[in-house]
Amino acid sequence: MKTKYKEYRTLDLTRIGNDVQDYWKEHNTFEKSLELTKGKTPYIFYEGPPSANGIPGIHHVMARTIKDIFCRYKTMKGFYVSRKAGWDTHGLPIEIGVEKKLGITKEDIGKKISIEDYNKECRSEVMKYKDLWDDLTVKMGYWLDLDDPYITYSNKYIESVWYLLGKLHQKGLLYKGYTIQPYSPAAGTGLSTHELNQPGAYKTVKDNTVIAQFKVIRSEQSDFLFREMFGDVYFLAWTTTPWTLPSNTGLAVGKDITYQVIRTYNPYTFREQTMIMAKELVHQYLPEKNSQIELEDYNEGQKNIPYRIVGEYKGSDFENIRYEQLLPYAQPEEGDPFRVVIGDFVTTADGTGIVHIAPSFGADDFRVGRQYGLGSLTLVNKQGKFTEQMGEFAGRYVKVEYDENCVDKECPPVDIDIIVKLKHENKAFKSEKYEHSYPHCWRTDKPVLYYPLDSWFIRTTAYKDKMISLNNTINWKPESTGSGRFGNWLENLVDWNLSRSRFWGTPLPIWRTEDGMNEICIGSVLQLKNEIDKAVIAGLMKTNPLASFKEGDLTDGNYETFDLHRPFVDDIVLVSENGQPMQRETDLIDVWFDSGAVPYAQYHYPFDKSRSLESFFPADFIAEGVDQTRGWFFTLHAIAVMLFDSVSFKTCVSNGLVLDKAGNKMSKRLGNGVDPFETIKKFGPDATRWYLITNSQPWDNLKFDEGSITESQRKFFGTLYNTYAFFSLYANIDGFSYSEAELPLNERPEIDRWILSELNSLIMLVDESYADYEPTRAGRAIADFVDEHLSNWYVRLCRRRFWKGEYSADKVSAFQTLYTCLEALSRLMAPIAPFFAEQLFTDLNTVSGKKPADSVHLTEFPQAQPAMIDKGLEERMEMAQKISSMALSIRKKTNIRVRQPLSRILIPLLNETLKEQIEAVKNLILSEVNIKEIEYISDTEGILSKKIKPDFKKLGPKCGKDMKMIAEDMKDWNQAVIAEFEREKSYSKTYPNGNTYTFIQGDVEIQSDDLPGYNTASMGSLLVALDTMITPELKSEGIARELINRIQNLRKEKKFEVTDKIQVKIQSHPDMDEAVNQNFSYICSEILAQSFTLAEKLEGVEIDEIELTEIIKTNISIQKVD
RNA sequence: AGUCCCGUAGCUCAGUUGGUUAGAGCACUACACUGAUAAUGUAGGGGUCGGCAGUUCAACUCUGCCCGGGACUACCA
């Protein structure tokens, strides 16, 4: 054990970070913390896997700090917190990275490069930055088991994923469906929503739109539209994609939308017609004044086209009315097309309130088309060209962007030609350019089509209600993420599209016969091996690639004898029960399924039976950025609910973004990203973490500003460091090592009891805040305590106790108290600032040996002792602080420096308890503000002027509308009225409006306004006055203090030790000598003078000149006594 | 387009169940204090609490609409 507390020259948080990092490594502190808690209640945490093929940014430090805080806190609370690192290794970003690196496109895979080689590249590429990530993890102090991470591409991980998929299949939740998906004709591939959400995928484009006229067929159903014929009858429908019109098979209306029947003329052919559109939109196309023009007066080509509204119906009235096919190039093979249907998605936001339905090119269209059996037409091929059926348009690209020949030159879009044709055929009502945002393939930069494709889906909608009800049991931080963003997402749940037509990912383990009648979903390696054996027997496979896999052998070696990725699984052919070959469905699964499988797959569940499910599921806590709401949070939740009937996590903290100083999103493109390594190096890990956590709530976006880190560095860590430096300086001098028995509370002075009370209040608040996942509140409370209470009041007022006098009980009390505060602080702050806390704790503990632990992170979290909390005392001290502050402000106003003692401070008493409260802290106030006495003035003396103020909360409900008038009136109450009120304890007044109110005590607040003849200051109801008269005696004491101050400064200038004794000679000065004589012993004891003499004249090199006041200047000589 | 978050001093942020002079720190200016000294205190300037309505005796606080920033989602005809 050491005998001296470590003393530092300066605060260097970067050095502390490095030192402590080494210390942990040397002492295996993290491992120890796990050993120590092994067998205790587990606190389950999942690390969301980062992808190691990207460089970590500052926002990762944010998310990981939050994770680390609660894991450390719970460890200190005695839980076993296992923290397994993990890597997300599959998926598009990796594939894209590889393609960029090799200079190939998706089409080249399998041609220029084999799938095998391509995947080999992916596998090596994916861990490109692993070392960088590990380095950041260590440097920022995120405790995580990096030695045994889960890796999503490992065979064991994939096996667990397959197990989950097998379970879903067993439950009938996997199906193959033909749906409308984003598709890039230019790239020849379907796109995931992930890809559509790449930045910049949605672009604002100008499209040619048209309102097409669909001619109603007269029948029993539609007859009501034909009463009094006026040309033909048309439904008007708007589209931004005229190329889908040939594939139209239906029209959708809103059930409750009101539509009007209008007689008018077609603006292109000038023919009479009757048309139908939503009432709300009529005036967007037909100016109201034109209804005044007689229909008969219309001349062809005339600008203002007359019209008459002749009927009004609900959308539901139109259901199943038939119309003529608009562009009859082809007929659907099945279904009953060309009818009006009801669609819940129809709005009157724009268009005509009637929606053209092409089931092949829109998801809504597809759904409603299937619901009504409209049939469908797909007159566009996968290259984005019209099919041969399309007559004069056959072979033309539906978007000119797809046409390689139109890259450099303008080509007429086919949309225009279709519109022209419609106009000629009396099938168009209006055509215009329209600007809207439309998704583009982020790789080819060309527009996406929605196109029918085959995909595998998870029937998440079957568990929608269960997911919603279980979501309600999750503790979301902030709550709005769960109820709002996540809740809404669940309300609008659609089936999960699992398919990705990719190469590097978990293969879908489904094998099917060609006719799709037989299929098998493989749920384990063993099952696959056995199925292959059957296929070998059936002669479909020559050998079994899994032959050397040994059942029940969980070693890595056994799992490295094969590869579950493409192309190897593609080569496997299985045999169905009726002896037919089954090929694997070539899709990969969505990588989000990989990450949603983390809880199970990280421990190779259920194959590895060394852990029970309960020991790692569900999680008590997870945390990620709010952008994961529909990503990881959802996939975790969905899998857990569907397969385990449980939540996956009980608490979820979602943090906001880290923006740059100006509030812009950080991006590589703008180059405004912040390098976390540089930040940590520059400011140290603790200041960085502290700043990220305390500057704003984690779920608010953070504007990252280095200046603010400097601030937390200086303001919080600097102050705390100073406090420790102060403590160590004097504790070392006095040899304090906390060897004395703990002094009982009642033997400690008021101020010690006060800071201990504040400390325990703080412990309570911080403990609650951490427990409530409110790290910002915890951090701010700690910082406030350090700054306001500990440093600027306790230490400031107690300085003398630490250095003055003998090693008395009072001194021991001071040391014990300050030590207790510092040590408790180290443990309170340990979760947020683990390095500094460690340094502080070990510096204290290696001398005192009070805790058996060699790390703050191995200690228990401080426990508040309610018995030490004295709210009355805290209030009293607050009052002392206020009074001192007011007294100092009066000194400032009157230009009387603090070193000049004053005789008295005057405080009017408004109630009985006030005096008691102040008396208890009187000495603190007096010494702090250098005043001799406090005098109380009771109001009977009549020298006090008072004012009265209504208590709005009380009087408001009572007086209602008169409140304002009363408040105004009370300002004018004179002293006599106030005195009467105080005497009688009630007062009635009738106001000009005739209302009478009786005010009683408590309805109002009475405050001292002023003390005539004195300088005063007030805060709330507290008034303080200062007697600024300076007697000769006070003046001489003031001079003595000035002298002491100058001598102390000289001691320091001369670099004397604080314990050195000195000999002083001073040159006599007429205005000073008396002050010296009167305060001789006081001066000597303050400056540790062994001798102090006045001399007539002092000269020489050892002489310093000092200035005590403007008029007192003299010479002095100070010498150290050896 | 929908959903959610944010908008308070030049900057970063507090602001309790609505209660009447809206706070703190940084920065700036001046003055002090200091045996913690690259720390600290006091004072000062600086605000239409994003805007407009509404509810109320009373709105930074509650409601609605709008504006700005951001995120997520999206089938927008």
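For clarity, every value in this text was computed on a predicted model and none was experimentally measured. Protein chains get the first letters and strands the later ones, always in sequence-line order, with residue 1 at the start of each.
- The distance from atom CD1 of I693(A) to atom C1' of A14(B) is 17 Å, rounded to the nearest whole Å.
- For the C1' atoms, the distance from U17(B) to A58(B) is 15 Å, rounded to whole Å.
- Taking D12(A) as the reference, nothing meets the side chain to side chain donor-acceptor pair (under 3.5 Å) condition, with sequence neighbours excluded.
- For Y724(A), there are no ring pair (Phe, Tyr, Trp, His ring centres under 6.0 Å) partners two or more places apart in sequence or in a different chain.
- Comparing G18(B) with U55(B), their C1' atoms are spaced 12 Å from each other, to the whole Å.
- Contact annotation for R1051(A): base contact, defined as any heavy-atom pair under 4.0 Å involving a base atom.
- When the nucleotides C13(B), A36(B), A77(B) are ranked by their closest atom to the side chain of T723(A), A36(B) comes out on top.
- Comparing C49(B) with G7(B), their C1' atoms sit 10 Å apart, to the nearest whole Å.
- To the nearest whole angstrom, the two P atoms, one in U48(B) and one in C60(B), are 13 Å apart.
- The side chain of Y691(A) places no N or O atom within less than 4.0 Å of a non-bridging phosphate oxygen (OP1 or OP2) of U12(B).
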Point to revise | Test log, rule side-chain contact (heavy atoms from CB on, under 4.5 Å), inputs V341(A) and Q371(A) | key: CA-CA 9 Å; V341(A) 299; Q371(A) 185 190 334; over 6 Å; no

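- Between the CD1 atom of I180(A) and the C1' atom of C76(B) there is a distance of 15 Å, given to the nearest Å.
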**Study point:** Y259(A) vs I354(A), side-chain contact (heavy atoms from CB on, under 4.5 Å): CA-CA, chis, key distance, verdict
**Key:** CA-CA 9 Å; Y259(A) 295 87; I354(A) 301 175; 3.6 Å; yes

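- Between Q900(A) atom CD and C33(B) atom C1' there is a gap of 15 Å when expressed in whole angstrom units.
- Distance, Y8(A) OH to A36(B) P: 20 Å, rounded to whole Å.
- The gap from the C1' atom of A36(B) to that of G44(B) amounts to 28 Å, rounded to the nearest Å.
- Atoms CD1 and CD1, on I883(A) and I925(A) in that order, are 4.0 Å from each other to the nearest 0.5 Å.
- In summary, the aromatic rings of F361(A) and W243(A) are positioned with their centroids under 6.0 Å apart.
- Counting any heavy atom pair closer than 4.0 Å across all strands shown, I357(A) reaches no nucleic acid atom.
- Residues I1044(A) and Q697(A) each lie close to RNA chain B; by heavy-atom proximity, the contact nearer the 5' end of the strand is made by Q697(A).
- Spacing between U61(B) and G45(B) at atom P, rounded to whole Å, works out to 26 Å.
- Going from atom CG of L1050(A) over to atom CD1 of I1118(A) covers 4.5 Å, rounded to the nearest 0.5 Å.
- Per the geometry, CG belonging to D784(A) stands 12 Å off P belonging to G15(B), to the nearest Å.
- Backbone-only contact: Y730(A) has heavy atoms under 4.0 Å from sugar-phosphate atoms and none from a base.
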What pairs of nitrogen or oxygen atoms, one from the protein and one from nucleotides 56-61 of chain B, lie under 3.5 Å apart?
unit_1	atom_1	unit_2	atom_2	d
C57(B)	O4'	G960(A)	O	3.0
C57(B)	O4'	K961(A)	N	3.1

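- Annotation: salt bridge (charged side-chain N to carboxylate O under 4.0 Å, His left out) contacts of E1086(A) (sequence neighbours excluded): R800(A), K804(A).
- Between A77(B), A36(B), C76(B), one nucleotide has an atom nearer to the side chain of Y450(A) than all others, and that is C76(B).
- Every ring pair (Phe, Tyr, Trp, His ring centres under 6.0 Å) that W476(A) has, sequence neighbours left out, goes to F486(A), F633(A), F649(A).
- The side chain to side chain donor-acceptor pair (under 3.5 Å) test applied to T776(A) returns no partner, not counting sequence neighbours.
- Partners of S654(A) according to the side chain to side chain donor-acceptor pair (under 3.5 Å) rule, which considers only residues two or more places apart in sequence or in another chain, are T481(A).
- Comparing U63(B) with C4(B), their P atoms sit 12 Å apart, to the nearest whole Å.
- A distance-only check finds a donor-acceptor pair linking the side chain of T635(A) to the backbone of W592(A) [under 3.5 Å].
- In this structure, N1045(A) reaches the sugar-phosphate backbone alone: every heavy-atom distance under 4.0 Å involves primed, P, OP1 or OP2 atoms, never a base.
- Taking for each of A237(A) and W793(A) the nucleotide of RNA chain B with the nearest heavy atom, the 5'-most of the two is the partner of W793(A).
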Got a list of protein N/O to nucleotides 38-40 of chain B N/O distances below 3.5 Å?
unit_1	atom_1	unit_2	atom_2	d
A39(B)	O2'	N722(A)	ND2	3.1
U40(B)	O2'	N792(A)	OD1	3.4

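- The side chain to side chain donor-acceptor pair (under 3.5 Å) test applied to T460(A) returns no partner, not counting sequence neighbours.
- Taking a pair as Watson-Crick or G-U wobble with both distances under 3.5 Å, the runs of three or more consecutive pairs in RNA chain B are B:1-7 with B:67-73, B:10-13 with B:23-26, B:28-32 with B:40-44, B:50-54 with B:62-66.
- One can place CD of Q881(A) at 13 Å from C1' of G41(B), the figure rounded to the nearest angstrom.
- A distance of about 37 Å separates the P atoms of A77(B) and U8(B), rounded to the whole Å.
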Expected rows: protein N/O vs nucleotides 29-31 of chain B N/O, under 3.5 Å:
unit_1	atom_1	unit_2	atom_2	d
C31(B)	O2'	K892(A)	NZ	3.4

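- Here the two rings, on F802(A) and F727(A), have centers that are 6.0 Å apart or farther.
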Find every protein N or O atom lying less than 3.5 Å from an N or O atom of nucleotides 4-9 of chain B, and list the pairs.
unit_1	atom_1	unit_2	atom_2	d
C4(B)	O2	R485(A)	NH2	3.4

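- The distance from atom CZ of F716(A) to atom OG of S791(A), rounded to the nearest 0.5 Å, is 11.5 Å.
- K715(A) has a carboxylate O that lies under 4.0 Å from a charged side-chain N of D787(A), or vice versa, which qualifies the two as a salt bridge.
- Atom pair F486(A):CZ and C72(B):P shows a separation of 16 Å (rounding to whole Å applied).
- A straight line from CZ of R367(A) to P of A77(B) spans 16 Å, rounded to a whole angstrom.
- Remark: Q881(A) CD to E928(A) CD distance equals 9.5 Å, nearest 0.5 Å.
- Ring orientation note: the planes of W690(A) and F717(A) are nearly perpendicular, at an angle over 60° on the 30°/60° scale.
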